[in-house]
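A short worksheet on the structure shown next.
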Number of protein chains: 2
Amino acid sequence: MFSYLCAMALKKSYDLLESTDPWICVASKLALSIRTVSAIYRKHLKAHNVTMSQLSLLMIVGKHKFLPQSEIGKKLMLERSTVTRDLKRMIERGYFVKKYDKSRPVIYITDKGASYVESIIPDWKAATEEAKAKLGEDGEQALNLVLHKLTK
Amino acid sequence: MFSYLCAMALKKSYDLLESTDPWICVASKLALSIRTVSAIYRKHLKAHNVTMSQLSLLMIVGKHKFLPQSEIGKKLMLERSTVTRDLKRMIERGYFVKKYDKSRPVIYITDKGASYVESIIPDWKAATEEAKAKLGEDGEQALNLVLHKLTK
DNA sequence: GAAAACATGTTGTATATACAACATACGGGT
DNA sequence: ACCCGTATGTTGTATATACAACATGTTTTC
């Protein structure tokens, strides 16, 4: 008998599609990679109610104590509007304050923000260790090479 | 004179934060990597008004002609609700149709969808070539290793 | 066969992200 | 002093994504 799971009759054949391997795609490989790694980090960070994007902001501003907003976008390679809105949430929660220098915003970490990130760091390290364990030594070196080649 | 760009007086020091290197983070490395690669793909795909996520759906369903919705999520490692909504857009645009087999949705590519993806493939290949050129042969192998380790 | 467990799909909500359009400010050149 | 180009920030809009809660249907257990 015919299953309901039969191909709808397409009007013609699509040879280019059929001869193309979607998995050679660099973007797809990275997308799959980051989904698995993100899941690891989310699991470890869940109790802190923080995301990796937010933690990146906390760490990068925290390490410098303050940073011009424009620098944050450059260091994390984020679009300007993304930075505006990601910071907005963190400012509302009291982790950062925004001051102005010659009409340009400068982002300062607060004591609340610094304490918060310090409370998160141990679990972030655990997540990093779990991810590294999955990668192995060679996988970690490989990731470093990929990042270097792409951002060089 | 003192610049306006001076650190706000934090009430205490944050040694753990200061001694921590944010850039050892596996998730951050992958996030930076995918941002650079995504930009390459967006540039090449811009004229087709398609995103990499959409193109992945088109290719994976197109290669199989039809796929149970649950399989799509497994292959792309996407959450169920994400699949529901990503597909919804593509169905509305007429690239897929949704039929039901024992009350479970099965996604079929349409002629419109198959023609569309074939029209995109050349530019997608060009994007892939540009990304591979940036990676180099060693970087490409490194990326394959990273993906393999993470998804094995 | 009924109840419990499991798998799958959808909707509500929050976050992250980019691009376009616009606003604003700064710096140079005249 | 003024204009112009560049850099930067914000808002509008669209997409992508995950989790929680719920609904539904299937499978397993007894």
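Lettering follows sequence order; numbering is per chain, from 1. Keep in mind that this is a model prediction, so the values were computed, not measured.
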(message) Between C1' on dA23(D) and OH on Tyr100(B), what's the gap in Å once rounded to a whole number?
(response) 13 Å

(message) Students often get this wrong, so: under 4.0 angstrom with heavy atoms, is Ser70(A) touching a base, only sugar-phosphate, or nothing?
(response) sugar-phosphate

(message) Looking at Lys88(A) and Glu92(A), is there a salt bridge between them, counting it only when a charged N and a carboxylate O are closer than 4.0 Å?
(response) yes

(request) Take atom CZ of Arg104(B) and atom P of dA23(D), then tell me their distance rounded to the nearest Å. (result) 17 Å

(request) Summarise protein proximity over nucleotides 14-20 of chain C in one line of letters, 5' to 3': B for base, S for sugar-phosphate only, - for none, counting protein heavy atoms closer than 4.0 Å. (result) -SBSBBS

(request) Report yes or no: do Tyr14(A) and Ile120(B) belong to one cluster of Ile/Leu/Val/Met/Phe/Trp/Tyr joined by side chain heavy-atom distances under 4.5 Å? (result) yes

(message) With nearest nucleotide decided by heavy atoms, which residue, Ser103(B) or Glu71(A), maps closer to the 5′ end of DNA chain D?
(response) Glu71(A)

(message) Just N and O in the side chain of Thr84(A): are any of them under 4.0 Å from OP1 or OP2 of dT10(D)?
(response) yes

(request) Identify whether the distance between the nearest side-chain nitrogen and carboxylate oxygen of Glu79(A) and Arg85(A) falls below 4.0 Å. (result) no

(request) Give a yes/no answer on whether the side chain of Lys88(B) brings an N or O atom under 4.0 Å of OP1 or OP2 in dT10(C). (result) no

(request) Under the side chain to side chain donor-acceptor pair (under 3.5 Å) rule, collect the residues that match up with Lys43(B), sequence neighbours excluded. (result) Glu130(B)

(request) Mind checking Lys43(A) for me? I need base, sugar-phosphate or nothing, with any heavy atom below 4.0 Å counting as a touch. (result) nothing

(request) Taking atom types as modelled, find out whether Thr51(B) and Tyr41(B) have a side-chain donor-acceptor pair closer than 3.5 angstrom. (result) no

(message) What is the distance, to the nearest angstrom, from the CG atom on Leu87(A) to the C1' atom on dT8(D)?
(response) 14 Å

(request) Ignoring the backbone of Lys98(A), work out which of dT10(D), dA7(D), dA7(C) is nearest its side chain. (result) dT10(D)

(request) Using a cut-off of strictly less than 4.0 Å, decide whether Lys74(A) has a side-chain nitrogen or oxygen near OP1 or OP2 of dT8(D). (result) yes

(request) Taking Thr110(B) for its side chain and Gly94(B) for its backbone only, find out whether a donor-acceptor pair lies under 3.5 Å. (result) yes

